Amino acid sequence: MDFLRTLQEGTPLFLAGLKLTVSISVLAILIGMLIGFITCLCRISNNIILKAVSGIYVWIIRGTPMIVQAFIVYFGMPQLIQTFVPGFKIDSYTAGLITLSLNAGAYLSEVFRGGLMAIPKGQSEAARSLGLSKAKTMLKVVLPQAIKISIPSMVNQFIITIKDSSILSVIGLADLVNRAKVYVGSSYQFFATYTVVAVYYLVIISILMIISMYLEKRLSYEYKG
């Protein structure tokens with residue numbers, strides 16, 4: 001259990017993995033927000049087809065383990081596409097980003113839907129009575145308030161996405177966990193290596209938790225005011 005040796009030898013490797021972990025998580029959240037918002041609008045629309053498709057998407061993503069989703073995207077999807085496009089391949093980063101984005105999108109759609117449902121219907125009715133169209137009512141009255149309500153939950157989803165990204169090491173993504181496995185393979189410092197990795201995650205997650213708590217208190221104060 002040589003922690004000093006692990007820190008000296010493994011830090012460059014761990015930092016490279018950490019950089020990839022954070023970057024793919026941030027990108028996945030941004031894409032997931034777009035997917036989640038579109039899915040949310042589909043789920044609350046009056047179009048039966050859009051509502052059904054979005055509902056099935058959320059049901060599948062929330063009802064299956066992310067590791068299985070990663071295997072389907074990385075191994076299964078290329079095999080299916082190769083039927084029509086011979087030689088088609090997908091790298092682990094792209095597969096990981098698709099998996100994380102789809103996963104975050106499904107959960108964020110529920111976050112956005114909860115934010116929209118939290119806005120009293122009276123506000124929409126009042127805006128419509130003042131002559132605003134349905135679209136302008138959504139954009140200028142409902143949506144800004146819904147986003148504020150959803151921000152703490154969005155930060156929480158970011159936390160979940162960063163932790164979930166560790167699963168993608170199973171498809172060869174060179175993230176923090178994967179880099180730790182590489183180091184352990186040459187040093188056999190199991191306890192020290194994974195303890196250091198846990199500390200890396202703990203520091204990042206703790207920072208995000210502090211941000212989340214601050215936003216919750218700030219928004220709660222605004223609503224009381």
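Treat the numbers as computed from the prediction; the structure is a model and nothing was measured.
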- Task: Measure the OG-CD1 distance between Ser169 and Ile67 for me, rounded to the nearest 0.5 Å.
- Result: 8.0 Å
- Message: Given 3.5 Å as the limit, does a donor-acceptor pair link the side chain of Tyr57 with the main chain of Leu102, or not?
- Response: yes
- Calculate, to the nearest 0.5 Å, the distance between atoms CD and CG belonging to Gln8 and Asp2 respectively. 8.0 Å
- Message: Quick check against the 3.5 Å criterion: does Lys51 have a side-chain atom that pairs as donor or acceptor with the backbone of Asn46?
- Response: no
- Item | Check: Thr193 side chain, Gln189 main-chain N or O, donor-acceptor pair, under 3.5 Å | yes
- Query: Side chain of Gln69, backbone of Thr64: donor and acceptor closer than 3.5 Å?
  - Reply: yes
- Check whether the side chains of Asp175 and Ser165 place a donor and an acceptor atom closer than 3.5 Å, and report yes or no. no
- Query: Between the side chain of Gln79 and the main-chain N/O of Phe75, is any donor-acceptor distance below 3.5 Å?
  - Reply: no
- Could you grab the distance from atom OG of Ser92 to atom CG of Leu97, nearest 0.5 Å is fine? 11.0 Å
- Message: I'd like to know if the side chain of Thr94 reaches the main chain of Ile90, judged simply by a donor and an acceptor atom lying under 3.5 Å from each other, with no hydrogens or angles considered.
- Response: no
- Once you round to the nearest 0.5 Å, how far does CD1 of Ile160 lie from CD1 of Ile29? 9.0 Å
- Output, in order, the C-alpha distance, side-chain angles, deciding distance and verdict of side chain to side chain contact (heavy atoms under 4.5 Å, CB included) for Leu208 and Ile162. CA-CA 10 Å; Leu208 290 173; Ile162 288 180; 3.5 Å; yes
- For Ser150 and Gly115, which heavy atoms make the closest approach, and how far apart are they? OG-CA, 3.8 Å
- Task: Taking all heavy atoms of Phe14 and all of Tyr200, pick out the closest pair and write down the distance.
- Result: CB-CE1, 3.8 Å
- Indicate the atoms forming the closest heavy-atom contact of Ser166 with Tyr201, along with that distance. CB-OH, 3.6 Å
- Task: Applying side chain to side chain contact (heavy atoms under 4.5 Å, CB included), run through Tyr107 and Val58 and close with a yes or a no.
- Result: CA-CA 7 Å; Tyr107 286 94; Val58 173; over 6 Å; no
- Considering all heavy atoms of both residues, which atom of Tyr93 and which atom of Ser23 are nearest to each other, and what is their separation? OH-OG, 4.4 Å
- Considering non-hydrogen atoms only, spot the tightest contact between Asp164 and Met66 and give its length. O-CE, 3.0 Å
- Item | Neighbour count >12 (heavy atoms, 6.0 Å) for atom NZ, Lys19 | no
- Side chains of Ser153 and Asn156: donor-acceptor distance under 3.5 Å anywhere? no
- Query: So, the side chain of Ser109 versus the backbone of Ala106: is there a donor-acceptor pair under 3.5 Å, distance only?
  - Reply: yes
- Message: I need the Ser54 OG to Ile49 CD1 distance, nearest 0.5 Å.
- Response: 11.5 Å
- Note on the structure: OG1 of Thr161 to CD1 of Ile24, rounded to nearest 0.5 Å, is 10.5 Å
- Query: Is the side chain of Ser212 donor-acceptor paired with the backbone N or O of Met209 at a distance under 3.5 Å, no angle test?
  - Reply: no
